[in-house]
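Just so it is clear, the structure is predicted and the values come from calculations on it, not from any experiment. Just so you know, these numbers use all the heavy atoms, side chains as well, and skip hydrogens, waters and symmetry mates.
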Amino acid sequence: MTELEAGRAETLAPVRSGAAVQRYRDVLIALIAFIVLASLPLFTGSKALLDFVIRCSAYGLFATSLNLLVGYTGLTSFGHGMFFGLGAYSYGLIMQKLGVPIPVAFVATLAITAMFAAIIGAICVRLKEIYFAFVTLAFQMLIHSTILSWASFTGGDQGLRGGIPRPPFLGIDLANHVHLYVASCALLILGLLAMRQIAQSPFGYTLRMIRDNAARASFLGIDVWRAKLTVFVLAALFASMGGMVMALFVSGAYPEFAYWTISGEGIFINMLGGVSTFLGPMVGTVLLLLLNDTVTRFTEYHGIVLGVVILFFALGLRKGLLDFVAEWFAQRRDAGEGR
């Protein structure tokens, strides 16, 4: 090894060591979070609470995957919900038509989603921001229209009827509500951990560079189109996981899962929780579901209330809740160090 190579290795050693420590810390936090969530049924018999966590798992995976595009890459997708619906329908149809084991259906659904995402993404990521947003919306409406019109296969506006088979595998029976709850929590934690590693990897910092200045990233030799396509496909896979969780929860799939309002909810969730912090979309998911569940008990005009809340965050705080909290703590820390 030359002196230059040795010096470079010594310079990179602390960086690699810090990254390894961060990775182990993330795994430890994920493990603790899973243990806490999985033990919840031991302390409460509330089926409504477990249902709420399952819904948070589905929408949390979807919203966090959307933030890979919006927050980390600067790609605002108005059609990301198509992959949520695609995951739900693909999984449901595979289980209904083929009756394969659940893990096989899970992998097959991800493969189908990756194929569709690669084709759609290859077209969309070449476009500028506003055109990207509306072309993704157009593809979502195309998929939604296909679901409605192909009634003999998808069930049309009635959705997949007859339920989704849940054959036991490896001692896990997803027909059991507690097993379904624990499996949903496991998928949520694994999905969040995987997305966290993507965000903190060199590839994640490449995405940030593309977000901040795509032209400069291209001048530095980064294949911007390939990087955008890669994160588009990855985000689609995690959104598809959320769709599968929702399909298991409701034991079916419905056209609303692929409608444009799902993408709108994803945008709202990111606005509520924040896009600058990794867990912002999870906080936004909890807030949105709590708002929906609470407001609908008192008024049928829950959309107006939700709009007021969104305006408060957009015009008042001008950032998501977790972004606001993180910035406040950073200011307090800086003020303390300046004394």
Side-chain angles (χ1 to χ4, degrees), residues 26-27 29-38 40-41 48-72 77 80-88 91 106 109-110 113 180-200 231 234-250 256-258 261-294 306 309-310 313 320-323 325-326:
D26 290 343
V27 172
I29 293 173
L31 182 60
I32 293 172
F34 175 71
I35 292 173
V36 171
L37 289 173
L40 195 59
L49 179 59
L50 301 187
D51 287 348
F52 180 80
V53 176
I54 294 174
R55 290 162 59 212
C56 284
S57 299
Y59 283 105
L61 284 168
F62 168 64
T64 308
S65 70
L66 177 59
N67 195 37
L68 286 178
L69 297 177
V70 177
Y72 290 95
S77 173
H80 195 59
M82 64 180 143
F83 301 116
F84 186 87
L86 186 62
Y91 176 79
F106 186 87
T109 299
L110 292 181
T113 303
L180 175 61
Y181 167 80
V182 175
S184 300
C185 292
L187 287 175
L188 172 65
I189 297 301
L190 289 173
L192 290 178
L193 182 61
M195 284 186 275
R196 173 67 174 175
Q197 300 312 306
I198 292 171
Q200 295 302 113
V231 74
L234 289 173
L237 291 177
F238 291 112
S240 178
M241 286 175 58
M244 283 187 275
V245 172
M246 184 56 69
L248 282 167
F249 176 59
V250 301
E256 292 79 9
F257 291 173
T261 53
I262 288 290
S263 297
E265 288 182 5
I267 297 293
F268 289 161
I269 286 171
N270 279 276
M271 290 179 65
L272 286 172
V275 297
S276 299
T277 50
F278 177 75
L279 290 178
M282 277 307 308
V283 173
T285 297
V286 175
L287 287 175
L288 181 66
L289 293 182
L290 281 175
L291 279 171
N292 281 336
D293 292 351
T294 303
L306 181 60
V309 172
I310 292 296
F313 279 91
L321 180 61
L322 200 57
D323 288 350
V325 172

Which pair of heavy atoms, one from Phe257 and one from Ile262, lies closest together, and at what distance? O-CG1, 3.6 Å
Interatomic distance, CG@Leu234 vs OG@Ser65, rounded to 0.5 Å, equals 10.5 Å
From Leu49 CG over to Leu40 CG, what is the distance, rounded to the nearest 0.5 angstrom? 5.0 Å
If you measure from CE on Met195 to CG on Asn67, what distance do you get to the nearest 0.5 Å? 9.5 Å
Over all atoms of both residues, closest heavy-atom pair of Ala247 and Tyr91: CB-CD2, 4.5 Å
Quick check for you: to the nearest 0.5 Å, what is the distance between Ile198 atom CD1 and Phe278 atom CZ? 9.0 Å
Derivation and outcome, side chain to side chain contact (heavy atoms under 4.5 Å, CB included), residues Leu190 and Phe34: CA-CA 9 Å; Leu190 289 173; Phe34 175 71; over 6 Å; no
Can you check whether Ile267 reaches Met271 side chain to side chain, under 4.5 Å on heavy atoms? yes
With distance as the sole test, does Tyr59 use its side chain to make a donor-acceptor pair with the main-chain N or O of Met246 at under 3.5 Å? no
Assess whether side chain to side chain contact (heavy atoms under 4.5 Å, CB included) is satisfied between Val53 and Cys185, documenting all intermediate values. CA-CA 8 Å; Val53 176; Cys185 292; 3.9 Å; yes
If I compare all heavy atoms of Pro281 with all of Ile269, which pair ends up nearest, and what's the gap? O-CG2, 3.2 Å
Within the structure provided, determine whether Phe52 and Asp293 are in side-chain contact (heavy-atom separation under 4.5 Å). yes
Taking all atoms of both residues into account, what is the closest heavy-atom pair of Val245 and Ser184, and its distance? CG1-OG, 3.7 Å
Where is the tightest heavy-atom contact between Pro41 and Leu50, given as atom of each residue plus distance? CG-CD2, 4.1 Å
Which is it for Ser57 and Leu187 under the side chain to side chain contact (heavy atoms under 4.5 Å, CB included) test, yes or no, and what are the steps along the way? CA-CA 8 Å; Ser57 299; Leu187 287 175; over 6 Å; no
Where is the tightest heavy-atom contact between Leu69 and Ala235, given as atom of each residue plus distance? CG-CB, 3.9 Å
State the CG-CZ distance between Leu288 and Arg55, to the nearest 0.5 angstrom. 9.5 Å
Hey, does Leu61 have a side-chain heavy atom less than 4.5 Å from the side chain of Leu188? yes
side-chain hydrogen bond (donor to acceptor under 3.5 Å, both in side chains) partners for Thr285, two or more places apart: none
Between the side chain of Ser240 and the main-chain N/O of Ala236, is any donor-acceptor distance below 3.5 Å? no
All N/O donor-acceptor pairs, side-chain side in residues 81-88, below 3.5 Å, sequence neighbours left out:
none

Under the side chain to side chain contact (heavy atoms under 4.5 Å, CB included) criterion, do Met282 and Thr64 qualify, and how do the steps go? CA-CA 7 Å; Met282 277 307 308; Thr64 308; 4.2 Å; yes
Under 3.5 Å: donor-acceptor pair, side chain of Asp323, backbone of Thr277: yes
Counting distance only, does the side-chain N/O of Asn270 pair as donor-acceptor with the main-chain N or O of Gly266 below 3.5 Å? yes
Kindly compute the distance separating CZ (Phe62) from NE2 (His80), expressed to the nearest 0.5 Å. 5.5 Å
